[in-house]
Amino acid sequence: MIEGVRQTGVNEWEVPVGYVPGMRVPGKFFLSESLGSSLESGAIEQLANVATLPGIIRHSLAMPDIHWGYGFPIGGVAAFSLDEGVISPGGVGFDINCGVRLLTTPLAQKDISGRRDLIEELFRAVPTGVGGKSTLRISPPDLERMMNKGASWAVDAGYGVKRDLIRCEDGGYMKQADCHAVSAKAKQRGVPQGGTLGSGNHFLEMQVVSEIFDPEAARAFGLQLGQICCMIHCGSRGLGHQVCTDHLKLLESATKKYHITIPDRQLACAPITSMEGKDYFGAMAASANYAWANRQLITHTVRQVLAKMFRIDYDSMPLVYDVAHNVAKIEEHNVDGKRMNVCVHRKGATRAFGPDSDELPPDLKKIGQPVIIPGSMGTSSFVLRGTKIAMEKTFGSTCHGAGRIMSRTQAKKSLSGKEITANLLKAGIIVRAHSENAIADEAPEVYKSSDEVVNVVHEAGISRLVARLSPLGVIKG
Amino acid sequence: MSFEEISHTADVKIRAHAPTLEALFTDAFLALMQVVYGNDRKEGTIKEIQLKADNIETLICDFLSEVLFIAEVEGLVFSRTEITIKDLHLTAILYGESFDPVRHSSGTEVKGISYSGLVIRKNANGYMLDILFDV
């Protein structure tokens with residue numbers, strides 16, 4: 001493990017105050033010894049940098065998929081007091097509400113195994129990759145509604161069913177969205193990209209439920225062994241990227257205006273209560289809503305493809321849940337024995353609310369929030385459930401994925417897209433992408449083992465394993 | 001052209017060396033276009049960018065962010081630029097062509113230009129740059 005950090009429990013580590021100058025609270029991260037071998041000192045420095053921000057509560061946190069990012073580390077979580085705290089785009093990222101959702105189907109593995117025609121049809125129907133444009137006609141007024149009402153707009157416009165909304169974090173939209181704080185440039189980028197997947201690590205994957213760890217929770221989530229599901233991973237596209245770029249610049253001036261000292265320019269921030277802070281929060285919420293609408297639009301396309309190809313009912317493909325990975329939220333948490341509203345930043349981390357949370361739909365109150373953890377290409381993904389321990393230790397947060405360990409430059413040198421595709425096909429997994437580069441960039445070998453990452457959060461108790469999903473076919477940007 | 005991709009776990013880190021600031025900005029611009037659109041890029045269309053900033057780091061981030069914006073909303077892919085920088089005022093003439101899904105889909109989208117790890121330094125041979133593209 002990296003020098004200067006100390007173990008405080010099973011898979012729990014502390015970065016003491018003083019690791020970097022100006023820390024107001026200690027850092028804390030969850031990691032196994034074996035995953036510790038790939039931990040970068042840069043990521044721990046970023047975790048410590050977050051601890052210097054005003055109004056941070058209790059700890060600067062990181063999940064076991066921690067790796068070196070910009071501003072916050074990837075896997076970073078921090079809560080800030082609404083009175084004294086700050087909000088920072090560096091704690092959310094460029095891809096606001098990059099997130100993931102899981103859709104179930106009435107299909108079994110035998111129905112789709114080896115069906116290249118299905119993967120080709122999904123690849124044709126869902127625009128992917130650089131320059132991917134929407135086939136939907138989204139007007140500027142539609143865009144405003146997307147930003148205000150998120151997935152709720154999409155369902156009202158006919159791109160889904162009402163039940164989808166109770167299976168989305170926040171019901172599929174943040175009420176604090178402020179379209180006036182979103183620049184004309186961001187809106188211009190948003191219009192043609194609604195319903196597109198994007199590139200990089202974004203994907204759409206057909207999976208089979210291959211193992212059930214927690215039968216009661218699996219039943220409540222609508223998951224059965226052998227069932228075919230579809231996982232969709234994407235975010236707010238160019239609109240969210242532009243909002244981050246625009247507000248980073250505005251908040252940089254605000255950082256100086258409010259005399260806040262930051263160790264990294266990417267941590268530019270403003271008091272949550274300031275005009276600049278409120279504007280960023282409103283624009284970020286609007287972008288988050290765009291992302292929820294975007295995933296809802298893609299869900300609609302997937303349902304149409306599956307309904308037509310397998311002659312199944314559009315309504316027979318319920319959503320398990322939709323979670324945001326990159327977002328800042330006002331949430332109520334226990335702080336020093338008192339319930340209080342705080343601003344929780346999650347940068348590559350998932351909300352994992354435990355049983356009895358007011359945010360959960362009535363039928364999930366006893367179980368806890370479904371947590372969807374995508375694996376890397378060719379490896380297992382997982383469904384977990386939120387816990388009370390997460391509410392106590394991590395402001396109701398857990399990991400978001402496997403976490404990279406190999407750079408893109410290394411990946412391209414050591415692995416060819418063609419070989420990876422052939423190897424995955426031998427394992428029964430069909431991969432479709434625009435380029436071999438995109439496949440080499442995201443090969444299974446460049447990520448931590450998703451099994452190991454979810455085992456850490458399971459053992460730490462900040463979420464509990466419910467089911468394993470194995471990939472059968474994937475489309476990538 | 002003198003830039004290289006440096007190993008970085010999550011994102012794309014570019015290092016460039018150039019005799020002048022203009023050449024350094026040009027290298028960063030070419031690296032960005034290569035990451036997003038690959039190597040097969042031609043000329044035909046011309047665009048112009050004018051920007052000013054308080055410091056050189058902000059100027060390069062603003063310039064590259066503007067290039068990303070124009071490329072995406074106008075469906076253009078750039079292959080060359082002519083840059084002048086005077087007193088933190090930048091003028092860039094961009095030469096490019098329309099986006100062609102067949103030739104320009106081998107790269108990956110850049111979501112933003114990061115200030116984390118951004119270094120512009122003057123040395124005996126001119127300037128060096130480290131910059132991170134979020135992908």
Side-chain angles (χ1 to χ4, degrees), chain A residues 38 40 42-43 46 67-71 74 90 93-95 98 128-133 185 188-189 191-193 198-202 235 237-238 240-242 244-246 248-249 252-253 264-268 348 403-410 412 433-438 441 446 477, chain B residues 4-15 33-40 51 53-55 57-59 61-62 64-77 98-119 131-135:
Chain A
S38 60
E40 307 126 316
Q46 289 180 331
H67 62 86
W68 197 13
Y70 48 87
I74 312 297
F94 282 101
D95 197 0
C98 179
T128 59
V130 173
K133 291 268 193 299
K185 276 175 145 179
Q188 211 179 331
R189 292 177 76 172
V191 167
Q193 290 187 332
S199 70
N201 62 358
H202 294 162
R237 316 288 297 110
H241 308 167
Q242 190 69 43
C244 181
T245 299
D246 294 340
L248 204 52
K249 205 170 160 58
E252 197 163 39
S253 311
D264 174 355
R265 279 183 78 177
Q266 200 71 26
L267 287 175
R404 286 185 79 99
I405 44 172
M406 192 191 285
S407 72
R408 282 157 220 275
T409 40
Q410 275 173 292
K412 280 178 191 144
H434 279 293
S435 76
E436 284 181 18
N437 263 349
D441 260 8
V446 309
Chain B
E4 58 179 326
E5 195 175 331
I6 302 291
S7 197
H8 186 279
T9 322
D11 296 313
V12 172
K13 184 173 182 176
I14 298 294
R15 178 163 296 165
M33 286 293 106
Q34 187 179 303
V35 168
V36 184
Y37 299 110
N39 288 317
D40 186 357
L51 289 169
D54 295 338
N55 57 66
E57 288 83 8
T58 304
L59 191 65
C61 281
D62 287 357
L64 297 175
S65 297
E66 189 64 16
V67 169
L68 277 181
F69 171 74
I70 294 173
E72 185 178 301
V73 300
E74 301 201 19
L76 295 172
V77 173
S98 293
F99 174 80
D100 173 356
V102 177
R103 289 186 296 117
H104 299 139
S105 294
S106 64
T108 188
E109 283 175 338
V110 168
K111 294 171 184 169
I113 314 298
S114 171
Y115 282 112
S116 275
L118 173 61
V119 178
I131 195 162
L132 202 63
F133 303 154
D134 178 28
V135 294

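Quick caveat: nothing in here was measured; it's all calculated off a predicted structure. Just so you know, these numbers use all the heavy atoms, side chains as well, and skip hydrogens, waters and symmetry mates.
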Exercise for review: For residues T409(A) and E4(B), determine if any side-chain heavy atom of one lies less than 4.5 Å from a side-chain heavy atom of the other.
Suggested key: no
Exercise for review: Taking side chain to side chain contact (heavy atoms under 4.5 Å, CB included) as the test, write out the residues that go with H202(A), two or more places apart.
Suggested key: D95(A), C98(A), L197(A), H233(A), C234(A), K111(B)
Exercise for review: Give, for atom CD of E72(B) and atom CD of Q242(A), the distance between the pair rounded to the nearest 0.5 Å.
Suggested key: 8.5 Å
Point to revise | Interface residue of largest heavy-atom contact number with chain A, from L68(B), D62(B), V12(B), V110(B), under 4.5 Å | key: D62(B)
Exercise for review: Examine distances only and state if a side-chain atom of Q266(A) and a backbone atom of Y115(B) form a donor-acceptor pair shorter than 3.5 Å.
Suggested key: yes
**Study point:** Residue pair Y70(A) / D11(B), side-chain donor-acceptor N/O under 3.5 Å
**Key:** no
Practice item. Taking all heavy atoms of Q46(A) and all of S116(B), pick out the closest pair and write down the distance. Key: NE2-OG, 4.4 Å
Check your understanding: Between D54(B) and chain A, which part of the residue has a heavy atom less than 4.5 Å away: side chain, backbone, both or neither?
Key -> neither
**Study point:** Proximity breakdown for V36(B) and chain A, heavy-atom pairs closer than 4.5 Å
**Key:** both
Check your understanding: Between atom OG1 of T58(B) and atom CZ of R265(A), what is the distance when rounded to the nearest 0.5 Å?
Key -> 3.5 Å
Check your understanding: Using a cut-off of under 4.5 Å for heavy-atom pairs, which of R237(A), E436(A), H67(A) has the most such pairs with chain B?
Key -> R237(A)
Review point. Do E66(B) and K185(A) sit within salt-bridge range, that is, some charged N less than 4.0 Å from a carboxylate O?
Key: yes
Exercise for review: Among the options E40(A), K133(A), H434(A), Q188(A), pick out the one with the most heavy-atom pairs lying under 4.5 Å from chain B.
Suggested key: Q188(A)
Study note, to complete from the structure: CZ (F94(A)) and OG (S65(B)) are apart, to the nearest 0.5 Å, by 6.5 Å
Study note, to complete from the structure: For S407(A) and H8(B) the tightest heavy-atom approach is CB-O, 3.0 Å
Point to revise | Modelled atom types, side-chain donor and acceptor of S106(B) and N437(A), under 3.5 Å | key: no
**Study point:** Atom pair NE2 (H241(A)) and CZ (F69(B)), whose distance is rounded to the nearest 0.5 Å
**Key:** 14.0 Å
Review point. Hey, does the side chain of R404(A) reach the backbone of A10(B) with a donor-acceptor pair shorter than 3.5 angstrom?
Key: no
Review point. Between atom CD of E5(B) and atom CD of Q410(A), what is the distance when rounded to the nearest 0.5 Å?
Key: 11.0 Å
**Study point:** Atom group of L267(A) that falls short of 4.5 Å from chain B, counting heavy atoms
**Key:** neither
Practice item. Check whether E252(A) gets within reach of chain B through its side chain, its backbone, both or neither, counting any heavy atom under 4.5 Å. Key: side chain
Review point. Of all heavy-atom pairs between S199(A) and T108(B), which one has the smallest distance, and what is that distance?
Key: OG-OG1, 3.4 Å
Exercise for review: Count the heavy-atom pairs under 4.5 Å between each of G200(A), G131(A), P192(A), A268(A) and chain B, then report the option with the highest count.
Suggested key: G131(A)
